[in-house]
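Here it is: the structure, laid out below.
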Amino acid sequence: MSARLSHLSPRLQTAVVAVAAAALSAAVNVPRAVETAFWQDEVGSARVITVSSPLSMLRALVGTENHPPAFYSLAWILDRVGVPVVWDRAISVLAAMVVSGLVVFYARRMMPLWGAGLAGLVTALGWQFWRHGWELRPYSLFALTCLLFVLALERAAEQPTRRRLALLAGAVAAGVMTHYFFLFTLCGGVLWVYLGPAREDLRRMFVAMGVGLAPLVVWLPAFYKQFEGGGFQTNPDFSLRSALETYGALLVRGEVNLLLALLVLALVLLGALRLWRLSDTGRLCALGAVVPVALASVVWLAGPDIYTVKNLMGAAPFVAVAIAAALTALPRSLAVVATALAAVLLVVGYVDRRGQIIPDYDLVAAALVREGWNEQDPILVFGPPYQLAHPLDWYLPGDRLEVAAGWRNGSSCERVFVVSVGGRGRGLIAGVPTRHVRRIAIASVPYRPDLAGEARLRGGRLLATRAARCARVA
């Protein structure tokens, strides 16, 4: 492959590697987009996207989500022209592909092609990239808007023409209306403008970015309602370890070993230092990798529980470049070996951890229907009740399925359905014909008065529609 590339011009070589990175991203994300059931948060997105009018969509967004409206508006338009809602995942898939390809071109300006290829590989196989690169959520698009903003900012700094300043304002508007954490990337850009080559054009640069913020200013009352609504309260309280593990958690699935997390942190910081010394482009990239994580950690420490790793996807493309920069800064022979080893570890890590992310909620719902479930039948679930309720409600026919307040006094049902994740509810369905969807068991049992107490002892929760005879829905 390298021999074939050597006959091409440097620009074509970069293009080939960029296309390969984008194709790898597609190979990772497209099958999941096609085959994976909606999970809890995606059901929330789907409900917002499928409402009938734009005003209703915005009201639903404010009431149920913690994001600005850009991603949902784009998906709503697709839904209005007849695109099935599950196909709206293509927004994330395409954004992920563009990020992987564009990162190669971006990194190539700061390092050899093999280093740029590693950065592209990271954006295709790093955990958060393939976790969110296919789903009906705004994180993949968020990463793309941050990358496009940095490129637009750099071009405007080189030559602040009206066209380039307008593109910069548009990039800011797109980013800030896709995810609130874009503001942290914007802060890094503002710092770069103040310290860097565009200082002579501060006013025009700041005006352009200020114009891009205008949609957020209009949206602020809605943001206030979202924040006061408590959606961020489900996030964890401040943890220094979690902050230090951020870069590792962006790349590695599952619980991150502290030593591995510190190694990744060291690579990112060393790479950012290398980039800072390299060029103006490198300084902006270094700020894109470090500033959002640092500012998010400071705000988190100050009180608001805003932190989850996926909210820092905007920094992830620059993190990939910083890691590649740290490795390519080594003496050439050692750098090539280290980069190749990193690529091998990344591929092996992906293959080892690429298993199922989302349970087969659609198949569980289909199994319930085949067992004879209808709206009058309550469901006892043994597992996370809300994580189960929203997807099952999406895939089951009929009235809205909700986490019930409890059993209705003085009423009885003909039967109760049981959905058991793992083994906690298996005792209730012992000896009863059972369907299985991977580790999830589905069965129906006759109603009996002592069923409520027995289910409570085993940690079961009740799901029901308002048509259920023996369950109370608040």
Side-chain angles (χ1 to χ4, degrees), residues 1 5 11-36 42 45 70-72 74-75 77-78 83-109 113-152 170-171 174-175 178-179 182 185 250-251 253 285 288 310 312-321 323-324 343 346-347 349-351 353-354 357-358:
M1 179 70 175
L5 283 179
R11 188 172 184 83
L12 281 177
Q13 291 177 20
T14 305
V16 169
V17 175
V19 169
L24 180 59
S25 175
V28 168
N29 292 310
V30 169
R32 293 189 184 277
V34 172
E35 299 169 0
T36 308
E42 282 190 296
S45 296
F71 173 85
Y72 303 89
L74 179 57
I77 292 171
L78 293 176
V83 175
V85 66
V86 69
W87 289 11
D88 291 341
R89 283 172 165 173
I91 299 172
S92 292
V93 173
L94 291 173
M97 292 173 61
V98 174
V99 166
S100 293
L102 201 54
V103 157
V104 174
F105 282 107
Y106 180 59
R108 182 66 183 92
R109 297 161 59 196
L113 181 58
W114 38 273
L118 176 64
L121 190 66
V122 170
T123 60
L125 300 185
W127 162 233
Q128 292 295 327
F129 289 101
W130 63 271
R131 171 63 184 88
H132 301 292
W134 52 269
E135 64 178 1
L136 196 66
R137 302 292 287 167
Y139 303 106
S140 184
L141 185 62
F142 168 43
L144 177 58
T145 60
C146 288
L147 185 55
L148 292 176
F149 159 71
V150 163
L151 294 173
T178 298
H179 199 290
F182 178 85
T185 299
L250 282 170
L251 302 182
R253 181 179 182 180
C285 182
K310 61 188 177 183
L312 291 163
M313 276 291 291
F318 311 105
V319 169
V321 177
I323 290 173
L346 194 63
V347 172
Y350 167 75
V351 172
R353 300 293 184 96
R354 65 175 177 172
I357 298 173
I358 308 300

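All figures in this text were calculated on a predicted structure; none of them were measured in a lab. Hydrogens, waters and symmetry mates play no part in the numbers below; they use all other heavy atoms, side chains included.
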Problem - Value rounded to 0.5 Å, distance of CG in Leu250 from CZ in Arg131 - result: 13.5 Å

Practice task
Would you check, one step at a time, whether the test side chain to side chain contact (heavy atoms under 4.5 Å, CB included) holds for Leu251 with Ile323?
Solution key: CA-CA 11 Å; Leu251 302 182; Ile323 290 173; 3.4 Å; yes

Completion exercise
To the nearest 0.5 Å, atom CG of Leu346 lies from atom CG of Leu118 at 7.0 Å

Handout entry: Heavy-atom closest contact (Gly120 atom, Val104 atom, distance)
Key = CA-CG2, 3.8 Å

Exercise for the section: Look up atom CG in Leu94 and atom CG in Asn29, then write down how far apart they are to the nearest 0.5 Å. Expected result: 10.5 Å

Practice task
May I ask you to test the Leu151-Leu102 pair for a side-chain heavy-atom distance under 4.5 Å?
Solution key: yes

Handout entry: Working for side chain to side chain contact (heavy atoms under 4.5 Å, CB included), residues Thr14 and Phe105
Key = CA-CA 6 Å; Thr14 305; Phe105 282 107; 3.6 Å; yes

Problem - Steps toward side chain to side chain donor-acceptor pair (under 3.5 Å) verdict (Ser92, Arg137) - result: CA-CA 7 Å; Ser92 292; Arg137 302 292 287 167; over 6 Å; no

Practice task
Please tell me if the side chains of Trp87 and Leu78 come closer than 4.5 Å, counting only heavy atoms from C-beta onward.
Solution key: no

Exercise for the section: Would you indicate whether the side-chain heavy atoms of Tyr72 and Pro138 approach each other to under 4.5 Å? Expected result: yes

Exercise for the section: Mind running salt bridge (charged side-chain N to carboxylate O under 4.0 Å, His left out) on Arg32 and Glu135 for me, showing each step along the way? Expected result: CA-CA 8 Å; Arg32 293 189 184 277; Glu135 64 178 1; over 6 Å; no

Exercise for the section: State, with a plain yes or no, whether a side-chain heavy atom of Tyr106 is found less than 4.5 Å away from one of Cys285. Expected result: yes

Exercise for the section: Indicate whether any N or O donor in one side chain lies under 3.5 Å from an N or O acceptor in the other, for Thr178 and Thr145. Expected result: no

Fill in the blank from the handout: Interatomic distance, CG@Leu141 vs CE@Met313, rounded to 0.5 Å, equals 10.5 Å

Problem - Close side-chain approach of Leu136 and Phe71, heavy atoms under 4.5 Å - result: yes

Completion exercise
Across all chains, not counting sequence neighbours, the ring-ring contact (aromatic ring centres under 6.0 Å, His included) partners of Phe182 are Phe149

Completion exercise
Closest non-hydrogen contact found for Ala320 with Val122 is CB-CG1, 3.6 Å

Practice task
Output all residues satisfying ring-ring contact (aromatic ring centres under 6.0 Å, His included) with Trp130, sequence neighbours left out; order by chain, then residue number.
Solution key: Trp127, Tyr350

Handout entry: Close side-chain approach of Ile357 to Arg253, heavy-atom, < 4.5 Å
Key = yes

